[in-house]
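As structure tokens, the structure follows; a few thoughts come after it.
These values consider heavy atoms only, across backbone and side chains, with no hydrogens, waters or symmetry-generated copies.
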Amino acid sequence: MSQITEESLATLKQAQSLGLLPEEFEKIKQILGRTPNFTELSLYSVMWSEHCSYKNSIEWLKTLPKEGPHMLAKAGEENAGLVAIGDGLACCFKIESHNHPSAIEPYQGAATGVGGINRDIFTMGARPVAQLNSLRFGNPDSERTKWLMRGVVKGIGDYGNAFGIPTVGGEVFFDDCYNINPLVNAMSAGIVEVGKTVSATSYGVGNPVFIVGSATGKDGIHGATFASGDLHEDSADDLPSVQVGDPFTEKLLLEASLEVIETGAVIGMQDMGAAGIICSTSEMSAKGNHGMVIDLDKVPTRQQNMTPWEICLSESQERMLIVVKKGREEEVNKVFQKWDLNCVQIGTVTTGGRLKFYMHKELVADVPAQTLVLGGGAPVYQREYVQPKYFNEAKKFNINNVEEPEDLLAVSKFLLSHPNIASKKWVYNQYDSMVGTVNMSTNEPSDAAIVNIKGKDKALAFTVDCNARYVYADPEAGCAMAVAEAARNIVCSGGEPSAITNCLNFGNPYNKEVYWQFVQAIKGMGKACRKFQTPVTGGNVSFYNQSSDEGPVFPTPTIGMMGILPSKKNKMTLDFKNAGDSLFLIGESRNDINSSEYLYSFHKVKLSPAPFFDMDTEVKVQNLVKLLIRSNLVQSAHDCSDGGLFITLCESGMPRNLGFSIETDFDVRADAFLFGEAQSRVLVSVKEDQLDNRR
């Protein structure tokens, strides 16, 4: 302790102000065998925040399926999931949230979310090829929503377009529950040769530790802590917690990182995202069972007189930590000099597993790396949970109490113009979808985004899906439906579902009803992923999505799914091709308007059960659609989801300006047939000369 000379000992009051519980402060003292100083307390506060430690979720996340025949990196092992796709290639993909920063400063919040998720991909050695996003906003008529949406969409577009990776898909959803706390989930995917990835690890005593990329500033300090608390009326005061991004520097960092990996001089590499230097040094050291000595005064900074804890916790963007093989420092320096980026040795790898931080040769922090990270000393909790009262109230809904409208045309026009259903072209037109010439689905719409693998017969399929209204009505069934819809979108596009990543957006985990929603959603996700054989490669938990005024948002477990098209000739689109083609609905229409946009928005019935869903039926429908597509028996395929069958028909007819005429012998109400959202249904079109093969 005598070597720690930077400042006086930390207090319980300081610990609580940094988001630590009294018992967590005591645990830190037990770990260190003494009272921490303020710098050490700051390190633990960010690494033990919910955002970094998953302390309130990890026990349930462990129940999700992670095994699969194509898995190369399981959830939690690396910065992103890694799945073999054949031909000696692998797909690296992940989705993460940037909700709180976007609620305070929407442009930079969204932009840095895009930058951070892309770094997770290329820090593993994969070149990003596709970006997607899932966005949730409040009432579209409110001035706050308009401000938030303009900033978020522009932030995503400006950063992604400048970085040069196509945005190939996404979703936008509006509901009053997101008025204060929008959800901004960004997904990225890349391709890498099997065996050429780099791990986020550190080992080899004496190996040099480099920080590369941008200089370190005061932006983003305590960003992880900021993301681990409710939004409130003074949250704008936390604006310094929002990082500032530079996509042009990120592009240079991408090329430099991939080039330095090719030299073979790199032991390990990790993006400096949440919690900055302390996160990278602790996680890499813990994984490699080594320690580090870091000289903080050697870190390139943008501002003068930064304190040790500010340097350690800064979340300044476009930075990496790299451990290099001793003796090969010059090779690494030359690469980053070529790309005009900082490349500075700030430390060395040591034995003993401790992280020792020095400032001007004075020891300012000395902590065991393992105690900072998940699976080491970070606390793990299982919160109590109770079923909300609304859950049983929803089950009391009876369709017979809803009067069937006489003017179905008026309902149709209402739904077609509803913000949750109407075209989002004005959003995605701001994104570059064709840069890199890998997007195969821009001009020919499909349920999933199709990404070309140059020089190969196969292609990749990606989608992001979640109907949060279903999840609110029944978290277990609703989350299973999100997985099923993602798989259905992949299948309708000609692909085979392979694996998922998830972004779990919920309210405060200390709220017992919120935690019940989380637990049930995890159960539903696990069941569905096992059924569809789509293991979970990783993702992100985002709790505390609520405000003191509005309460928690709908539970929103966004599913990002990757699939493989074994052959590009099987690529299927959703648009009708020819007048006169026959239309078939695969699956069964039901007398069900539960949680539909029609019931929720047109009839203003806000509480009803989730729509009908049967997992076995879903599998049968998807298997049949796969067979039809691979047998070249259908001209189009489009899943029936938001807005029901009528909206599905319109979406398929609009691209080629084709109409439709339908009839039914289903014994259901007309509004349920047209606008109900019962699951496991797919609309296909068939040429006349293929009708004889329809069996």
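- Residue N657 places its CG atom among 12 or fewer non-hydrogen atoms of other residues, nucleotides or ligands, all under 6.0 Å distant.
- Annotation for N392: atom CG counts as buried by contact number, over 12 foreign heavy atoms lying within 6.0 Å.
- No side-chain heavy atom of N540 sits less than 4.5 Å from a side-chain heavy atom of I95.
- R656 contributes no side-chain N or O that, together with a main-chain N or O of N578, makes up a donor-acceptor pair within less than 3.5 Å.
- Listed by chain and number, the residues in a ring pair (Phe, Tyr, Trp, His ring centres under 6.0 Å) with F554 are Y472 (sequence neighbours excluded).
- We find the CD1-OG distance between I500 and S498 to be 11.5 Å, quoted to the nearest 0.5 Å.
- Of the N and O atoms on the side chains of E597 and N420, at least one donor lies less than 3.5 Å from an acceptor on the other residue.
- For the residue pair D575 / T573, a side-chain donor-acceptor distance below 3.5 Å is found, with atom types taken as modelled.
- Looking at heavy atoms from C-beta onward, V411 lies out of side-chain contact with D671 at the 4.5 angstrom threshold.
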Item to check | Check against side chain to side chain contact (heavy atoms under 4.5 Å, CB included), M572 and V491 | outcome: CA-CA 9 Å; M572 181 54 59; V491 166; over 6 Å; no
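- In this structure, the side chain of S134 does not engage the main chain of E171 through any donor-acceptor pair within 3.5 Å.
- Listed by chain and residue number, nothing satisfies the side chain to side chain donor-acceptor pair (under 3.5 Å) test with N570 (two or more places apart in sequence, or in another chain).
- No side-chain heavy atom of I559 sits less than 4.5 Å from a side-chain heavy atom of C466.
- A donor-acceptor contact shorter than 3.5 Å links the side chain of S493 to the backbone of A448.
- Here the OG atom belonging to S97 is positioned 11.5 Å from the CZ atom belonging to F543, to the nearest 0.5 angstrom.
- Between L460 atom CG and L565 atom CG the span is 8.5 Å, to the nearest 0.5 Å.
- Between the K458 side chain and the I85 main chain, a donor and an acceptor come within less than 3.5 Å of each other.
- Within 6.0 Å of atom NZ in K687, 12 or fewer heavy atoms from other residues, nucleotides or ligands are found, so the atom counts as exposed in its surroundings.
- Using a 4.0 Å cut-off between charged nitrogen and carboxylate oxygen, E444 and K571 count as a salt-bridge pair.
- Taking both residues in full, the closest heavy atoms of M481 and A610 are given as CE-CB, 3.7 Å, listed atom of the first, atom of the second, then distance.
- Contact detail for R681 and F673: the closest heavy-atom pair is NH1-O, 4.2 Å.
- Checking side-chain atoms of D474 against main-chain N and O of P609 turns up no donor-acceptor pair under 3.5 Å.
- Checking D158 against Y107 by side-chain atom types alone, a donor-acceptor pair falls below 3.5 Å.
- The backbone N or O of G116 lies less than 3.5 Å from no partner atom in the side chain of H98, so there is not a single donor-acceptor pair.
- With respect to R630 and E496, a salt bridge is recorded, a charged nitrogen being found less than 4.0 Å from a carboxylate O.
- Residue D614 comes nearest to S680 through the heavy atom pair O-OG, 4.0 Å, listed as atom of the first residue, atom of the second, then distance.
- Side-chain contact check for F462 versus C91: some heavy-atom pair is nearer than 4.5 Å.
- Rounding to the nearest 0.5 Å places CG of N502 at 8.0 Å from SG of C479.
- Residues S102 and A110 come closest through the heavy atom pair OG-N, 3.3 Å.
- In this model, no donor atom of one side chain and acceptor atom of the other lie less than 3.5 Å apart for N632 and K569.
- Residues N179 and N139 have side chains in contact (heavy-atom distance under 4.5 Å, counting atoms from C-beta outward).
- To the nearest 0.5 Å, the span separating CG on L135 from CG on L183 amounts to 9.0 Å.
- For the pair V435/I165, no side-chain contact is recorded, criterion being any heavy-atom separation below 4.5 Å from C-beta on.
- Looking only at atom types and distance, the side chain of N505 has a donor-acceptor partner in the side chain of N99 under 3.5 Å away.
- At least one side-chain heavy atom of L416 sits less than 4.5 Å from a side-chain heavy atom of C650.
- Residues H638 and S652 have side chains that never bring a donor and an acceptor to within less than 3.5 angstrom of each other.
- Taking every heavy atom of both residues into account, L415 and G643 meet most closely at CD1-O, 4.3 Å.
- Atom OG1 of residue T534 and atom CE of residue M525 lie 10.0 Å apart, to the nearest 0.5 angstrom.
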Checklist entry - When you look at F506 and N511, which way does the side chain to side chain contact (heavy atoms under 4.5 Å, CB included) test go after all the steps? => result CA-CA 10 Å; F506 290 83; N511 179 323; over 6 Å; no
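- Between the side chains of Y600 and D175, at least one donor-acceptor pair of N or O atoms lies under 3.5 Å.
- Remark: R488 does not engage E485 in a salt bridge, criterion side-chain N to carboxylate O under 4.0 Å.
- For an aromatic pair to be called close, the ring centres must be under 6.0 Å apart, and Y515 with F518 satisfies this.
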Next on the checklist: Q131 vs Y431, test: side chain to side chain contact (heavy atoms under 4.5 Å, CB included). Steps then yes/no.
Outcome noted: CA-CA 10 Å; Q131 301 173 121; Y431 307 148; over 6 Å; no
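- For the pair H418/F174, no side-chain contact is recorded, criterion being any heavy-atom separation below 4.5 Å from C-beta on.
- At distances below 3.5 Å, at least one donor-acceptor pair connects side-chain atoms of K424 with backbone N or O atoms of P419.
- Nearest heavy atom pair, residue Q622 against residue A487, reads OE1-CB, 3.5 Å.
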Next on the checklist: With side chain to side chain contact (heavy atoms under 4.5 Å, CB included) as the criterion, how do F93 and V83 come out once you've worked through the C-alpha distance, each side chain's angles and the decisive distance to 0.1 Å?
Outcome noted: CA-CA 9 Å; F93 68 109; V83 178; 3.8 Å; yes
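- The closest donor-acceptor contact from the side chain of N181 to the backbone of Q546 lies under 3.5 Å.
- By the neighbour-count criterion of 12 heavy atoms within 6.0 Å, atom NZ of K527 is sparsely surrounded, having that number or fewer from other residues, nucleotides or ligands.
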